[in-house]
Amino acid sequence: MAKKKARTPEESSWDRASVALLERACAIEMETAFERADSITPCPIGADGLCCKNCSMGPCRLVGKTDRGVCGATIATVAARNFARAVTVGAASHSDHGRDMAYTLLEAAEGHAPDYGVRDPYKLMEVADFLDVPTKDEEGERRPINDIARDVALAALGEFGKVRGEFYYRKRAPAKRQEIWESLGITPRNIDREIVDLLHRTHIGNDQDAEHILDQTLRCALGDGWGGSMLGTDISDILFGTPAPVRSQANLGVLSEDKVNIIIHGHEPTLSEMIVAAAMDPEMIEYAKSKGAKGIQMSGICCTANETVMRQGVPLAGNFLQQELAILTGAVEAMVVDVQCIMQGIVPLADKFHTEVITTSRKVKITGATHIEFDESKALEIAKQIVRRAIDLFPKRGETHIPEDHNPLVPGFSHEYIDYALGGLYRGSLRPLNDAIMAGRIRGVVANIGCNNARVRHDELFHHVVTEFLKNDILVVETGCGAIASAKQGFMTPEAALEVAGPGLREVCETVGMPPVLHMGSCVDNSRILTVLAQMATEGGLGEDICDIPAVGMAPEWMSEKALSIATYCVASGAYVILGGSDGPVSGSEEVLRLMTEGWEEKVGGRLEFVEEAEEIVRRSIEHIDKKRAALGLPEYDASKWGRSGDRRMPDLLEIPFEERIEAVYGLAGK
Ligand code: NFS
């Protein structure tokens, strides 16, 4: 591959463990995505959304004097159509994951998947209610759990292809939001239909009005956020338990020198939960010992990591751009993958080591990888087969280079747990959060989510924006690879609040005992963030709708089509969303950019902006939060008012002179 300007390891990643392994890659001349990103110049026409290849009269590149394709399609039509296609793929990926979870619940309820069952009956009852599934029989007696589970699974599957009637999960949004969707005609009819409808429209000779294409894009994305993703989250909780805080560790330093390392990578907890169970089986541990290992070390990459860290505390090996780097340690026996965000590059790299890449999904094979197809009816048996295979590779392990870096984290902040943490078992509510925002102790909320992107310095944008938000008393909630970045950086422990957060946010975190950056799960779990926002809007004091709340959503290092779908459903739900790292995939069309900002703000109260620089992302976010505070008539943010509530920890106070201590605790000095 011809080399252009190559970045040094430090220029490629902000993360120390990754830099060490990139140095290793250089030393042993192994190629990674970082190097390929340097070698491949992205096509500037495609990057701006100006290349149409929807028929064989093209591809038409709308640059220079060319402002229409062969069929006459305009720049705005082409840019909107390309964006719409990306959103449909993203929505399809999340939603199909949700569908698979529903099938697993159905199989479990009907007794065909004996290794699975209902682990959270409370969540099952709640979801049954949303889906109009009766939980009691005609005599008023509780129906058997598996009957309810079967009907919930069937009703959930109905949301994908419902023939007529309403999309049930619309009820999860604030009433005002539902009215907006209704008046614009963008309430999803069913999840699959909006995806297919949008794909149909983007065929040559169909919808050729950018605004009209983008309206359906909002509708399709809503079917993801409030449909496929939300069902994916809910059913995962029913099957595997609703997350609550646990302790864990993050970064490649979690790999073990003397245990069999198995990395689970992908997205679906169906497989990973079983592998985790298999790896804990005493028989498997004994088998590992018989091969000279001290045991089995599980860890995760990407959203599988987020699913299993939230529920089981399985350590996070790393985020998207660390999948190849994990193999470069030489210490990984098996990387077991299912669906989404799996780079083909891991297979040739694994070939150079003793590592085996094992694909498991019916939907995903990678040339050169071992395929062991997962089957829910024999889940644990297959999981054990995979674990055994990994153990067999341990004696072949050669030289290892495991970085030392890892940081503690406390993940597990489902919306249910946040309710509980703030209000206790009997008064569970978001009232204290709303009150803290209204008083100005918490200036606002940022949802910081999404991918890594090999074209921007790995993890740097995440680090920059999160640090600035915390200093400004902004609570940060996270999912996906963004959450893994913060975990690695040590932002996800309660102690972190003392180090980084501003005085108001610190007081709140100390009182509740929570980190200032909350890990809320995988990318489908952005639906948890929607739920929190909906509850904040209905709790009172912060308006009546999501668009009234002083909050911003962002994916500073995004790269996937799923991230575009998330951004779009958040906007359609009323949020201001910023995608970072570049000027975005529609930058070639002024009209589409205007439609996604002013146009969408007028229609749905949210807007989508593409902002390359971290400083500018922070500036615009804080400006938006303050604008929303002012619109609600809340006091102007003033950091000097906080930090004296008496919540400061004793060890801190003991360090300072007595008079200052009085001032710090009671604010009484001089009065
Ligand atoms: Ni989300 Fe999760 Fe990571 Fe991006 Fe990929 S793993 S679904 S798409 S890269 S955050």
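Counting begins at 1 with the first residue of the sequence. When a ligand or atom number is given, it counts from 1 through the structure's own listing order. All values below come from the heavy atoms of this structure, side chains included, with hydrogens, waters and symmetry mates left out. Keep in mind that what you see is a predicted model, and the values were worked out from it rather than measured.
- Within the 3.5 Å criterion, the main-chain N or O of Met559 finds no donor-acceptor partner in the side chain of Asn453.
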Kindly determine whether Glu307 and Ser522 satisfy side chain to side chain donor-acceptor pair (under 3.5 Å), including the steps that lead there.
CA-CA 6 Å; Glu307 297 276 359; Ser522 65; 2.9 Å; yes
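- Salt-bridge formation is not detected for the pair Lys488/Asp405: no Lys NZ or Arg NE/NH1/NH2 atom is positioned less than 4.0 Å from an Asp or Glu carboxylate oxygen.
- For a distance threshold of 2.8 Å, the protein N, O or S atoms nearer than that to atom 3 (Fe) of ligand 1, listed by chain and number, are Cys481 SG.
- Between Tyr576 and His624, the angle of the ring planes lies from 30° to 60°, which puts this pair in the tilted group.
- The side-chain contact (heavy atoms from CB on, under 4.5 Å) test applied to Val500 returns Thr467, Leu470, Phe491, not counting sequence neighbours.
- Taking only non-hydrogen atoms, the option from Gln340, His267, Glu557, Met559 nearest to atom 6 (S) of ligand 1 is His267.
- A donor-acceptor pair under 3.5 Å is formed between the side chain of His267 and the backbone N or O of Val339.
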